[in-house]
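This report refers to the structure that appears directly beneath it.
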Amino acid sequence: MNIKIENQLQDNQRIMIVEDDLDIIPMLSSMLINSGYTVLPYTNGGDALKAIQLESPDLILLDISLPDMDGYQVCMLLKQMNDISDVPVIFMSGMGSVDDKIKGFQAGGVDYITKPFHPEEVQVRIKTHINLSTFKSKIEYKKLIEKQVREVAEAQQATIFALAKLAEQRDEDTGGHLERVCAYCKLLAQQLSMESPYADQISEEFIECIQHASPLHDIGKIAIPDSILLKPGKLSQQEFESMKSHTITGAENMQYVFNKYPENSFIGMGIEIALYHHERWDGNGYPDGLIGRNIPLSARIMAVADCYDALRSDRCYRKGFDHETVKRMLVEEDGTHFDPEIIKAFLIIEDKFCQIMNTDSWIS
Ligand SMILES: [Fe+2]
């Protein structure tokens with residue numbers, strides 16, 4: 001028997017009944033149809049297995065004693081089928097021993113009903129398992145979507161990092177600057193989120209964003225000519241003006257992307273950092289001469305991270321300074337170049353900065 005019995009008003013949930021007792025099928029069918037299910041009755045395991053992928057039931061009521069094979073075998077075979085393996089199977093049987101039930105669960109069943117059963121009990125169990133199955137599907141779907149979004153975001157971040165790295169290689173003679181700056185920014189943001197007047201502004205998303213947006217700070221240098229970027233001596237006033245434009249160039253190019261994807265907070269923060277990482281707390285920075293907290297927080301954090309790393313690193317014209325010297329230099333500029341709250345945070349976690357610089361422990 002493979003006639004589909006449908007309730008015309010509601011056919012969204014489909015129950016397959018595999019049962020050779022011709023008294024039980026009409027009784028169960030009528031009860032399920034009255035409850036709004038579509039019923040798919042089969043009287044043997046072979047026919048049910050052949051039809052199952054086409055029928056795609058939401059739940060299977062499976063008798064154990066069938067004429068061609070037992071219900072355990074049917075269940076094990078359908079659990080090997082793609083797209084069907086997650087469909088809940090409820091065994092029905094006159095055999096109600098503990099061993100029979102254990103065998104049913106081991107075969108992949110989610111429940112076991114002993115005959116004779118009360119129709120309402122069957123109905124309640126079906127409803128429970130369909131709800132659980134739907135809930136599980138929703139959770140799995142959500143997890144799948146989250147995984148895909150994460151993968152896309154990671155691929156995007158990796159691509160942007162590669163571009164920033166490419167830009168950096170034109171003038172940096174020390175490796176790992178971008179990686180270390182990412183780590184410093186993350187550490188400072190984490191510290192500020194725990195203990196500072198900025199704690200309320202720093203969410204998990206902010207920390208994630210600054211970590212991934214910080215490598216973009218100097219991306220605008222890609223447009224600076226070699227004659228200026230690689231000049232070993234002091235820059236003329238005109239050359240310095242040209243060099244300063246890397247802030248605006250970087251921000252303008254990212255703004256083009258941001259206009260297309262205005263919800264992308266990562267690019268939004270990249271713009272802030274690129275444009276304002278050379279601003280100073282006292283207003284003597286560039287390009288806009290912003291003062292104090294008018295400078296975006298992300299850029300104020302970046303300024304400390306960038307300067308620490310630049311001063312610690314070797315250059316062709318000087319050796320990198322040691323940690324204590326750089327610390328002194330940063331503290332001297334507390335309240336002039338740098339935001340005092342960020343210097344305070346730096347002093348709490350300075351050992352971690354030192355460790356990252358000395359051991360390249362940003363590699364994780
Ligand atoms: Fe810069």
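Whatever order the structure lists them in is the order used to number ligands and atoms, beginning at 1.
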A side-chain contact here means heavy atoms from C-beta on lying under 4.5 Å apart; do L49 and Y42 qualify?
no

Side chains of T114 and K101: does their closest heavy-atom pair fall under 4.5 Å?
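Yes; the side chains approach each other to less than 4.5 Å.
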
Shell of protein N/O/S atoms around the Fe ion (ligand 1), taken as anything under 2.8 Å:
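For the Fe ion (ligand 1), the protein N, O and S atoms that sit under 2.8 Å away are D218 OD1, H246 NE2, H277 NE2, H278 NE2.
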
Quick one: do E241 and K244 make a salt bridge, cutoff under 4.0 Å?
yes

Enumerate donor-acceptor pairs with a distance under 3.5 Å from any side-chain N or O in residues 325-332 to protein atoms, sequence neighbours excluded.
unit_1	atom_1	unit_2	atom_2	d
T325	OG1	D322	OD1	2.8
T325	OG1	D322	OD2	3.3
K327	NZ	E350	OE1	3.4
K327	NZ	E350	OE2	3.0

Mind jotting down which residue pairs meet the salt bridge (Lys or Arg N to Asp or Glu O under 4.0 Å) criterion with at least one end in residues 19-28? Sequence neighbours excluded, please.
E19-K115

How would you list all residue pairs meeting salt bridge (Lys or Arg N to Asp or Glu O under 4.0 Å) that involve residues 190-208, not counting sequence neighbours?
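Every candidate salt bridge (Lys or Arg N to Asp or Glu O under 4.0 Å) pair involving residues 190-208 fails, so no pair, neighbours aside, qualifies.
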
